[in-house]
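Let me begin by presenting the structure, written as structure tokens, before commenting on it.
Residues: numbered from 1 along the sequence shown.
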Amino acid sequence: MKKHLLITVLGILFGILLYNYFDASIHLIEQTNNSLELILSAFCGILLAYLIYTISKRLDKLIPWRSQLTNRFVIGIVALFTCAYIVVFLVVLLYNKLTNQVVLEKELYQSNLIKLSIILFILILIYNIFYFALYSYYTYSKLQIEAVKYERKQYEFQLKALKSQLSPHFLFNNLNTISSLAFKDEVQAENYIRELAKIYKYTLNSYHTKLVNIDKELEIIKAYLSLLKTRFGSALNYSINVSENNFANKIPPLSIQMLIENAVKHNQATELNNLNIEIFQEKDQLVVKNNISAKPKNVESFNIGLSNINSRFQLLFNKQISIIKDDCFTVKLPIIVDNE
């Protein structure tokens with residue numbers, strides 16, 4: 001509503017300017033239709049304002065300011081000036097037909113056209129400068145808002161990840177395992193506690209981190225899988241096959257760990273039905289794959305799902321994860337290449 005009101009007001013102002021130009025600079029034969037002239041000028045101004053706005057928005061899509069600044073500025077001036085000149089000229093012809101008057105007298109025809117062209121060109125140039133300034137400010141503000149939204153979602157995801165590892169269920173399983181190991185194998189119990197501490201430290205340190213090296217993430221994944229292997233024994237099997245060439249590339253922290261956690265949470269791991277987890281590289285993607293078995297009863301969920309991980313990739317890189325569900329459940333994470 002405000003946008004249309006502003007366009008209409010600017011159009012009327014331009015029409016009044018046009019009216020004053022024809023009234024003062026071009027000698028009219030008769031002065032008996034001032035009201036008609038004013039209405040036609042206002043109509044012409046409003047029509048021009050909407051036409052210029054529409055063309056500007058179309059050019060923004062065809063020739064973006066961000067990637068083609070010079071071309072957008074020059075083509076914008078040429079296109080808007082041409083359209084504005086044609087509209088004004090047609091309105092003048094319409095006025096001639098309605099009033100049988102000659103607005104552009106023959107002896108002043110060329111000089112008046114030149115004056116009109118100069119005025120229109122200056123107005124279009126000023127409009128383009130202001131439009132670019134407003135467009136830049138709007139784009140910058142939008143980017144700032146998106147950045148704030150991303151930061152908020154990033155923290156929400158990290159908080160949920162931390163919440164899952166501080167949940168009573170997660171703590172109970174780990175404390176129960178430590179308690180069991182303490183009486184059986186003190187060395188293994190000590191190693192278990194160290195690996196658990198490493199995971200908590202990584203989770204807390206990655207709270208404000210957008211990206212981590214793949215080798216850092218895999219190091220924690222190995223620690224996490226080691227804990228799971230201690231808990232489930234031969235009921236759980238895993239393999240990691242990622243080239244060292246990819247270690248310097250990046251992914252969002254805790255992405256793989258969340259997928260493994262979901263695999264364990266939503267599938268039973270028993271001696272008869274083993275849970276097999278594979279982590280490997282496939283072109284420019286990291287793949288986490290697990291077989292599908294019966295779902296455990298009373299599964300507690302903190303809504304740390306695939307949509308949450310997918311949102312992070314979309315926010316960061318405008319990429320989506322790939323999900324395949326057949327005999328196995330497969331998730332493919334895009335690898336972010338480190339160009340430094």
Backbone of Asn276 reached by a side-chain donor or acceptor of Asn290 within 3.5 Å: no
Whether Asp185 side chain and Val187 backbone form a donor-acceptor pair below 3.5 Å: yes
Connected via hydrophobic side-chain network under 4.5 Å: Ile324 and Ile335: no
Leu286 with Tyr238, same ILVMFWY side-chain cluster at under 4.5 Å: yes
Point-to-point distance, once rounded to the nearest 0.5 Å, from NZ of Lys289 to CD of Glu282: 9.0 Å
Minimum-distance pair of heavy atoms, taken over all atoms of Tyr224 and Ile199: CA-CD1, 3.5 Å
Salt-bridge contact Glu219-Lys222 (side-chain N to carboxylate O under 4.0 Å): no
Verdict with reasoning, Leu227 to Leu196, per side chain to side chain contact (heavy atoms under 4.5 Å, CB included): CA-CA 7 Å; Leu227 299 187; Leu196 183 61; 3.9 Å; yes
Side-chain heavy-atom pair Ile251, Ile256 within 4.5 angstrom cut-off: yes
Residue pair Arg58 / Tyr53, side-chain heavy-atom distance below 4.5 Å: no
Exercise: identify the closest heavy-atom pair between Ala189 and Ala182: CB-N, 3.9 Å
Backbone N/O of Ser293 and side chain of Asn267: donor-acceptor pair under 3.5 Å: yes
Rounded distance (nearest 0.5 Å) linking atom CZ of Phe313 with atom CG of Leu333: 4.5 Å
Atom of Ile124, atom of Ile77 and distance for their closest heavy-atom approach: CG2-O, 3.8 Å
Check: Asp326 side chain, Cys328 main-chain N or O, donor-acceptor pair, under 3.5 Å: yes
Donor + acceptor pair across side chains of Ser56, Tyr127 (<3.5 Å): yes
Gap separating the CG atom of Leu228 from the CG atom of Asn173, nearest 0.5 angstrom: 9.5 Å
Working for side chain to side chain contact (heavy atoms under 4.5 Å, CB included), residues Asn274 and Leu236: CA-CA 6 Å; Asn274 293 355; Leu236 184 141; over 6 Å; no
Cys83/Ile55 under side chain to side chain contact (heavy atoms under 4.5 Å, CB included): CA gap, chis, key distance, verdict: CA-CA 9 Å; Cys83 293; Ile55 293 174; 3.4 Å; yes
Interatomic distance, Glu217 atom CD to Leu254 atom CG [nearest 0.5 angstrom]: 6.0 Å
Side chain to side chain contact (heavy atoms under 4.5 Å, CB included) assessment of Arg72 paired with Asp60: CA-CA 8 Å; Arg72 171 64 180 84; Asp60 289 343; 3.0 Å; yes
Modelled atom types, side-chain donor and acceptor of Gln281 and Asn241, under 3.5 Å: no
Exam field: side chain Thr139 to backbone Tyr135, donor-acceptor pair closer than 3.5 Å: yes
Side chain proximity check, Thr330 to Val288, heavy atoms < 4.5 angstrom: no
Connected via hydrophobic side-chain network under 4.5 Å: Val74 and Leu123: no
Enclosure of Glu186 CD (heavy-atom neighbours >12, cutoff 6.0 Å): no
Same apolar cluster: Tyr131 and Tyr137, side chain cutoff 4.5 Å: no
Shortest non-hydrogen separation from Ala223 to Glu195 and the atoms involved: CB-OE1, 2.9 Å
Aromatic ring pairing Phe121/Phe81, orientation class (parallel under 30°, perpendicular over 60°, tilted between): perpendicular
Any side-chain heavy-atom pair of Ser239 and Ile279 under 4.5 Å: no
Any side-chain donor near an acceptor of the partner, Glu271 and Ser234, under 3.5 Å: yes
Closest heavy-atom pair and its distance - Lys332, Pro334: O-CD, 3.8 Å
Joint hydrophobic cluster, Ile122 plus Val78, side-chain heavy atoms closer than 4.5 Å: no
Ser180 side chain vs Asn176 backbone, donor-acceptor pair below 3.5 Å: no
Minimum side-chain heavy-atom gap Phe280-Ile240 below 4.5 Å: no
Smallest separation among heavy atoms of Tyr85 and Leu120, with atom names: CA-CD1, 3.7 Å
Interatomic spacing from NZ in Lys250 to CG in Asn213 - rounded to 0.5 Å: 3.5 Å
Close side-chain approach of Ile46 to Ile12, heavy-atom, < 4.5 Å: yes
Polar contact flag, side-chain donor to acceptor under 3.5 angstrom, Asn205-Tyr200: no
Beyond-backbone contact of Lys198 with Lys201, side-chain heavy atoms, under 4.5 angstrom: no
Side-chain (Lys325) to main-chain (Phe329) donor-acceptor, under 3.5 angstrom: no
Beyond-backbone contact of Lys61 with Lys57, side-chain heavy atoms, under 4.5 angstrom: no
NZ-CG distance between Lys216 and Leu211, expressed to the nearest 0.5 angstrom: 15.0 Å
